[in-house]
Amino acid sequence: MRKYSLSNISFSFILIAILHSSLLGILLPFMLHEAKTSVFMSLVYSFFIGLIVLFIYFKIFEFEPDKNIFEKMEVVFPKWLAKTLQFIFALVVFLIALVTFFRLTTFISSQFLVNTPNVIIAGILIIPIMYSLMYDFDVMARMATVCVFIGTLMVISNCFFLIGNMDFDNLKPILNNDFVHMARSSISFSLVYLIPIFSTLAIPKNNIIDNSKTKKYIFVSYVISFLAVCFIIFAILSVLGIHVSTLYTYPSYMTLKVLNVLNFIKNVEHLNAIIWLLYMTFSTGFYLLVVKLLFHQTFSLNLKKINILSLCFILAPFIVTAIFALPYENYMNKYSAIYVLLGVESIILVISILVILIGKVKKKVSYSN
Amino acid sequence: MKKIILLVFMCFVCTGCFDYQELGELGIISAMSIVKNEDNFRVDIQLINIIESGDHGVVESPVTVVSGEGPTVFDAVRSMNLRISKSFFPANMAYLIVDKSVLEENDLREVMDFFARHTKLSLNFLVITTTDSDPSDVMASLSEFNINAATNMAEVIRLSEKRYGASYSLTFLEYLKDYFEPGITPVYPNIYMHGDAEISEDIDDLKKTETESYIELKDLVTFDKQGNAIHLGVDESMGYNFLKNHVTNATVTSTCGDEYFTVETLSSKFKFEDDLKNNKIKIIADIDGEISFYGCKEDLNESKVLKDVTTSFENKVKENVLSTLNLAKQSQVDFVGVGNFIYKNNTKYFDFDKNDWDKEGLSKIDFDIEINANLYKQGNLKGDI
């Protein structure tokens with residue numbers, strides 16, 4: 001892979017796009033199902049739990065700033081352990097990409113292309129991802145910029161035009177679920193929402209221009225994304241109400257079905273779904289690029305060979321698994337499936353904590369020597 | 001070069017040509033009705049005929065009504081393809097008639113499931129019922145005001161809600177909410193066929209200046225758990241719309257001695273306040289209105305007279321609201337949503353999961369109504385003629 005550099009704002013856009021990719025059909029229905037109308041209370045808890053995750057992210061981001069996550073592991077662990085953990089890390093990122101892509105495909109097949117075989121949908125969607133995989137993180141950052149601009153514009157305009165359909169009484173009762181349910185919702189949200197951003201550790205801190213301000217940018221991105229989630233949940237609840245929103249797999253998309261722009265533009269939910277399509281397509285591409293980076297690290301190949309390798313060794317199993325998983329949508333739609341995802345994603349957190357702790361100990365030992 | 005080839009390939013596969021359907025292959029559904037006949041559902045659909053309306057008006061029927069039967073709603077719809085060479089496209093559906101025969105718990109659930117699950121449907125179409133006519137007659141009836149009879153009916157319901165205050169446009173989303181949320185029962189606009197159904201289907205009948213048969217909005221109706229209809233009269237319907245804040249311009253006629261005056265409301269806001277310690281709900285309303293007709297003898301320029309007129313108007317609105325609430329209590333069907341208000345604002349007051357609110361809760365609630373009216377406009381006239 002070649003040398004590249006990103007601006008702080010581009011890096012923030014990548015973060016925002018990744019954060020939003022886990023919402024549609026994954027986090028939003030789960031949170032509404034668990035916390036009911038107490039979801040806002042649960043969001044407040046989530047914000048603070050999220051800060052802990054973000055703190056861990058900052059720590060590992062700062063550690064060995066000229067190295068990406070795979071190189072950091074090589075510094076900290078013995079070679080065999082580093083290779084194993086690198087592989088596990090990449091595998092988990094690969095699984096996150098699979099879940100995101102699976103949700104994207106099933107969303108399109110259930111809402112738009114009902115009569116089209118899922119294999120064809122998956123095949124079509126993989127092409128832009130395949131294309132983006134030929135480039136590097138700087139190109140991804142440009143894609144993220146486009147996604148975030150379109151997404152932000154759409155979220156703001158949708159919320160604005162939905163105001164007439166909002167009934168604030170639907171947000172009540174503010175507390176209608178016990179602490180256990182709220183805690184489940186909060187913890188799942190903070191982890192499933194935030195852990196995917198650890199994939200951005202594939203970009204070394206030193207590759208970001210003016211990186212003294214990066215932490216501030218990351219924090220602001222988190223706050224903005226979090227506020228956007230609050231607005232989205234607010235719109236869902238106030239328009240659909242809790243009983244109707246929990247009926248659907250994609251409550252955010254169903255909310256858009258009532259959108260009536262200036263009394264003459266109707267049925268625009270298909271157009272608005274582009275928000276999710278962009279974020280999810282981008283994120284899948286980004287995750288796979290992280291896996292591709294591991295190939296680069298492990299085999300030290302030139303760009304042409306990496307591209308061919310990545311197409312064969314990353315995309316082939318990805319497409320096969322994604323297509324194989326499609327008939328099992330009913331199992332994936334179960335709310336308990338999120339706990340499996342949570343468990344798998346937590347491995348990244350554990351690896352990161354290990355890197356920080358052992359890295360610190362190693363540094364102390366080397367200083368004392 | 002490879003990237004360019006990939007890009008060109010992407011352009012071809014992303015054009016959406018796979019499995020496409022031409023417009024001519026689609027049967028555009030403008031309205032739909034569902035009736036339960038013993039164990040089967042009968043579904044009637046009104047399809048739009050793409051026709052030209054020339055200088056001499058419409059010469060052929062703009063709609064076609066098709067029926068199908070099956071053990072499930074989906075089955076009934078698909079069975080129509082035994083005689084229709086179109087794929088049905090329901091995204092532009094204006095209304096759905098739910099017949100009273102469907103309003104039993106399990107059948108209604110199936111209807112809900114079909115429409116909520118359908119990905120092509122919007123959530124904005126209206127849900128109506130007809131207690132006195134056959135839904136297929138209503139569907140086949142033509143309108144002199146709009147080439148699409150379904151759109152005309154939907155507009156009638158919407159307009160009468162906004163401008164008269166005696167109807168309610170129940171959208172499918174509201175219907176879902178009222179069905180699933182505790183402490184509220186859906187209220188349907190009730191339409192009926194006035195006159196002979198066969199004449200109403202005849203395109204020649206539209207050429208006359210006065211049509212003999214037509215579809216009319218009758219009243220609002222709700223149903224108890226056994227499927228018995230509870231009709232809301234004009235006053236109760238108006239009271240219901242006031243309570244639900246559906247009204248923009250309601251027309252309220254009240255008396256001043258032997259004479260009448262009419263007020264057109266310009267805005268109204270009803271608010272529930274909970275005083276459940278005393279088993280009471282306080283209803284506070286602020287209404288602004290315009291005197292659109294004044295037939296009383298007293299001089300409206302006198303402030304005392306205007307005050308009396310305002311009080312009379314307030315009493316009339318209060319009367320309407322009270323009759324609505326009393327009807328809900330008597331029929332043991334909380335169509336106003338008092339229970340829903342309590343569920344959202346004071347959840348601990350009543351256990352909606354274990355107890356029957358309609359029977360055990362609603363009857364214990366007393367209402368304290370306070371109407372504050374402000375009749376600040378008098379139309380064109382300074383006082384009265």
Side-chain angles (χ1 to χ4, degrees), chain A residues 36-38 107-117 120-121 123-135 165 167-177 239-250 253-260 266-270 304 307-308 311, chain B residues 2-21 87 89-93 112-113 116-125 158 171-184 244-245 271-272 274 337 340-349 352:
Chain A
K36 305 278 185 247
T37 38
S38 311
F107 170 63
I108 290 174
S109 75
S110 69
Q111 301 299 323
F112 308 116
L113 305 172
V114 184
N115 298 323
T116 311
I120 292 179
I121 299 170
I124 292 171
L125 287 174
I126 205 76
I127 296 168
I129 294 169
M130 198 193 291
Y131 185 68
S132 62
L133 218 58
M134 291 178 177
Y135 293 94
N165 300 86
D167 179 1
F168 301 133
D169 270 351
N170 287 337
L171 306 174
K172 293 177 191 167
I174 300 290
L175 277 173
N176 77 334
N177 234 343
V239 173
L240 297 183
I242 188 65
H243 293 85
V244 177
S245 57
T246 47
L247 290 178
Y248 292 106
T249 317
Y250 310 105
Y253 175 71
M254 293 312 293
T255 309
L256 297 175
K257 284 205 166 195
V258 299
L259 199 67
N260 185 352
K266 297 172 188 172
N267 299 345
V268 284
E269 66 273 11
H270 302 96
K304 198 178 172 187
N307 281 339
I308 296 164
L311 283 177
Chain B
K2 278 177 197 164
K3 285 170 191 168
I4 292 167
I5 294 168
L6 194 61
L7 265 177
V8 172
F9 180 64
M10 269 168 67
C11 291
F12 278 105
V13 292
C14 294
T15 47
C17 291
F18 183 87
D19 213 17
Y20 75 100
Q21 281 179 319
S87 302
F89 182 74
N92 289 329
M93 195 165 90
M112 293 275 191
D113 186 274
R117 205 176 284 276
H118 206 298
T119 51
K120 296 267 186 333
L121 273 166
S122 82
L123 297 171
N124 290 331
F125 64 88
R158 285 201 180 97
T171 61
F172 185 65
L173 174 60
E174 290 300 324
Y175 189 45
L176 276 177
K177 278 199 241 174
D178 289 356
Y179 183 77
F180 284 106
E181 286 192 11
I184 190 162
K244 303 287 283 180
N245 288 317
K271 207 169 69 182
F272 284 42
D274 125 31
N340 193 252
F341 168 78
I342 292 171
Y343 169 76
K344 285 174 176 169
N345 293 280
N346 196 340
T347 319
K348 286 177 186 163
Y349 178 78
F352 287 88

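Below, chain A is the first sequence line, B the second, and so on; all start at residue 1. Keep in mind it's a predicted model, so treat the numbers as computed, not measured. Values reported hereafter were calculated over all heavy atoms of this structure, with side chains retained and with hydrogens, waters and symmetry mates removed.
A:Met254 and B:Leu123 make their closest contact through O-CD1, 3.7 Å (heavy atoms, listed as atom of the first residue, atom of the second, distance). Of all heavy-atom pairs spanning B:Pro90 and B:His118, the tightest one is CG-CE1, 3.6 Å. Listed here is the closest heavy atom pair of A:Thr246 and A:Ile242: OG1-O, 2.8 Å.
Proximity to chain B is absent for every atom of A:Thr37, based on heavy atoms less than 4.5 angstrom apart. At a 4.5 Å heavy-atom cutoff, the contact between B:Tyr343 and chain A is made by backbone and side-chain atoms alike. Interface remark: A:Val244 contributes side-chain atoms only to the contact with chain B (heavy atom separation under 4.5 Å). With a 4.5 angstrom heavy-atom cutoff, A:Phe112 touches chain B only via backbone atoms.
No other option in A:Asn170, A:Ile174, A:Leu171 has as many heavy-atom pairs under 4.5 Å with chain B as A:Asn170. Taking B:Asn340, B:Asn346, B:Asn345 one by one and counting their heavy-atom pairs under 4.5 Å with chain A, the maximum is reached by B:Asn345.
Side-chain atoms of A:Lys257 and B:Asn124 form no donor-acceptor pair, as typed in the model, at a separation below 3.5 Å.
Judged purely by atom type and a 3.5 angstrom limit, A:Lys36 has no side-chain atom pairing as donor or acceptor with the backbone of A:Pro173.
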